[in-house]
Visitor: 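Shown below is the structure under consideration.
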Amino acid sequence: MSRFLSRATAAMEPYTPGEQPRDAHYIKLNTNESPYPPSPEVIAAIAAFDAGDLRLYPDPAATEFRHVAAGCYSLTPAQVFAGGGSDEVLAYAFMAFFDRGDKVYFPDITYGFYKVYAELFGLKSATIPLKEDFTLNIRDYFGLDGNIFIANPNAPTGICLDASEIEELLRKNPDRLVVVDEAYVDFSNGKSCLRLIDSYDNLLVVQTFSKSRGLAGMRLGLGFGAPELIGGLERIKYSFNPYNIDRVSFAAGVAALKSGEYMREMAGKIIKTRERVREELQKRGFTVLPSEANFLFAKSPYISGGKLYESLKKNGILVRYFDKERLRGFVRVTIGSDEEMDIFLDKLGDIQ
Ligand SMILES: *Cc1c(COP(=O)(O)O)cnc(C)c1O
């Protein structure tokens, strides 16, 4: 490590992204990307983009993108924030709504970035254990003395709360901000809590284009909340990176929002594949958590998660393994195309 690093930088533990190997051709079931391309409208919009326009800065107010997003979800543009991936929206929320030393609550098992951001911004992480079956008891979150981050569906379990449960959480913490990370909500059974935005000024919903819209390579995310909350995120953005979304991404993002039908169709296909793979794994004795996301969190009856990960990798298939308390028996398997999942099941048969 360089001697020029600050003590804080030297001490931090960065997020570990899933592998993006370049050496061999793997079936990639490890980072919850979509097996399907973005919509034809997105591909056409990128192809039609006039690269000469790149000499000009993009619109820092994200006017058109926010307007179209608001239209899709029956909100106003003032209730919408545009980010370069949802990770950026989450980071801005950590910056805007906490002072150093504040407490932030989230489950012991959830998206790893919350802990990383908490540390980066000098907050105290207060983790609340999920129940033995990996479900979340919302009563554990009533009347807390800090803001709350909930991934819904949760990662890496895929387990999802109903919007009515989120609403109860909002009611029991009227003076705390509740951030609901809906990265996977398009694969759930209509469990988005976006409809609560108008009624609760302490709710921030975060969504991404990286999963259901097949645009992980583009970096687009959205935040939804009361105009005052969105104003807070804007203050951070204009103090940090006003041009956070480039012109090509805007063009793609607008086209993606306008092809909601395509997104729902692809999500439907992924859900169908997920249910088929779930049944198949259960037949083979696996424990499979009830996921409403584009992945399954599954535990072999025979071998550890680490061994299964290694064996699958040798067979050309990448899944995600978390070397962490309570998770070592499991692997997280992204739902790919039917063909990819058939190969996965096939190789799995050889390993077991
Ligand atoms: C993938 C993921 C994100 C990050 O999405 P980007 O928009 O690609 O930054 C955020 N939250 C959760 C829970 C995720 O799984």
Side-chain angles (χ1 to χ4, degrees), residues 14-20 28-35 38 42 62 65 69 80-95 104 106-118 120 127 130 134 136 148-161 166 178-188 191-194 204-224 233 237 241 244-246 249-250 252-253 256-257 263 267 270 274 289 291-297 318-320 322 324 327 332-335:
Y15 177 73
T16 317
E19 300 163 82
Q20 300 286 359
K28 259 190 104 278
L29 307 178
N30 70 327
T31 49
N32 299 341
E33 291 144 324
S34 176
V42 169
F65 185 53
V80 180
F81 180 80
S86 61
D87 286 338
E88 189 186 61
V89 184
L90 292 166
Y92 287 0
F94 273 92
M95 287 191 249
V104 53
F106 46 83
D108 62 337
I109 293 162
T110 190
Y111 187 41
F113 234 128
Y114 307 150
K115 185 165 179 282
V116 172
Y117 281 141
L120 178 61
T127 54
L130 295 177
F134 297 101
L136 183 154
I148 301 163
F149 280 72
I150 301 272
N152 200 50
N154 196 11
T157 65
I159 295 173
C160 197
L161 296 167
I166 298 289
V178 179
V179 178
V180 182
D181 181 349
E182 293 191 338
Y184 301 104
V185 85
D186 295 323
F187 306 103
S188 77
K191 294 196 173 156
S192 173
C193 62
L194 272 183
L204 183 71
V205 178
V206 180
Q207 292 192 356
T208 178
F209 286 55
S210 300
K211 315 281 164 56
S212 59
R213 295 187 191 272
L215 279 167
M218 199 104 230
R219 315 309 303 133
L220 283 168
L222 288 165
F224 303 95
L233 297 174
K237 187 180 91 164
N241 187 15
N244 62 334
I245 298 176
D246 65 80
S249 296
F250 274 140
L257 286 167
M263 180 271 280
I270 290 166
R274 179 188 75 201
L289 299 191
S291 168
E292 292 191 56
N294 66 340
F295 55 81
L296 290 170
F297 202 50
L318 278 183
V319 297
R320 192 84 195 262
F322 299 92
K324 198 184 159 200
L327 305 184
R332 191 194 67 192
V333 183
T334 303
I335 301 302

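The figures here come from the full heavy-atom set of this structure, side chains too, leaving out hydrogens, waters and symmetry mates. One-based numbering along the sequence shown. Counting starts at 1 for both ligands and their atoms, following the listed order.
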Visitor: Heavy atoms only: which of Ala183, Gly83, Pro156, Ser210 is nearest to atom 8 (O) of ligand 1?
Guide: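 Looking at heavy atoms only, the winner is Ser210.
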Visitor: If the contact criterion is a heavy-atom separation under 4.0 Å, does Glu88 count as touching ligand 1?
Guide: no
Visitor: For the pair Phe209 and Phe65, name the ring-plane relationship: parallel under 30°, tilted 30 to 60°, perpendicular over 60°.
Guide: tilted
Visitor: What atoms of ligand 1 come within less than 4.0 Å of a heavy atom belonging to Lys211?
Guide: 1 (C), 2 (C), 3 (C), 14 (C), 15 (O)
Visitor: May I ask you to check if ligand 1 and Tyr111 share an N or O to N or O distance below 3.5 Å?
Guide: no
Visitor: Kindly assign one of parallel, tilted or perpendicular to the pair Phe187 and Tyr184, based on the angle between their ring planes and the thresholds 30° and 60°.
Guide: tilted
Visitor: Is the shortest N/O to N/O distance between Tyr114 and ligand 1 below 3.5 Å?
Guide: no
Visitor: Check the side chains of Asp87 and Tyr15 for a donor-acceptor pair under 3.5 angstrom, ignoring hydrogens and angles.
Guide: no
Visitor: What is the minimum heavy-atom distance between Thr110 and Asn154, and which atoms define it?
Guide: OG1-OD1, 2.8 Å
Visitor: So which bit of Phe209 gets within less than 4.0 Å of ligand 1, heavy atoms only: side chain, backbone, both or neither?
Guide: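 No part of Phe209 is near ligand 1 at this cut-off.
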Visitor: Nearest heavy atom to atom 11 (N) of ligand 1: which of Leu220, Asn152, Asp181, Asn154 does it belong to?
Guide: Asp181
Visitor: Flag yes if more than 12 heavy atoms outside Lys115 fall under 6.0 Å of its NZ atom; otherwise flag no.
Guide: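 No.
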Visitor: According to the interplanar angle, ranging from 0 to 90°, do the rings of Phe149 and Phe94 count as parallel (below 30°), tilted (30 to 60°) or perpendicular (above 60°)?
Guide: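 The rings of Phe149 and Phe94 lie parallel, inter-plane angle below 30°.
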Visitor: Just which atoms of ligand 1 are under 4.0 Å from any heavy atom in Gly85?
Guide: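 So the answer, numbered in order with elements, is 7 (O), 9 (O).
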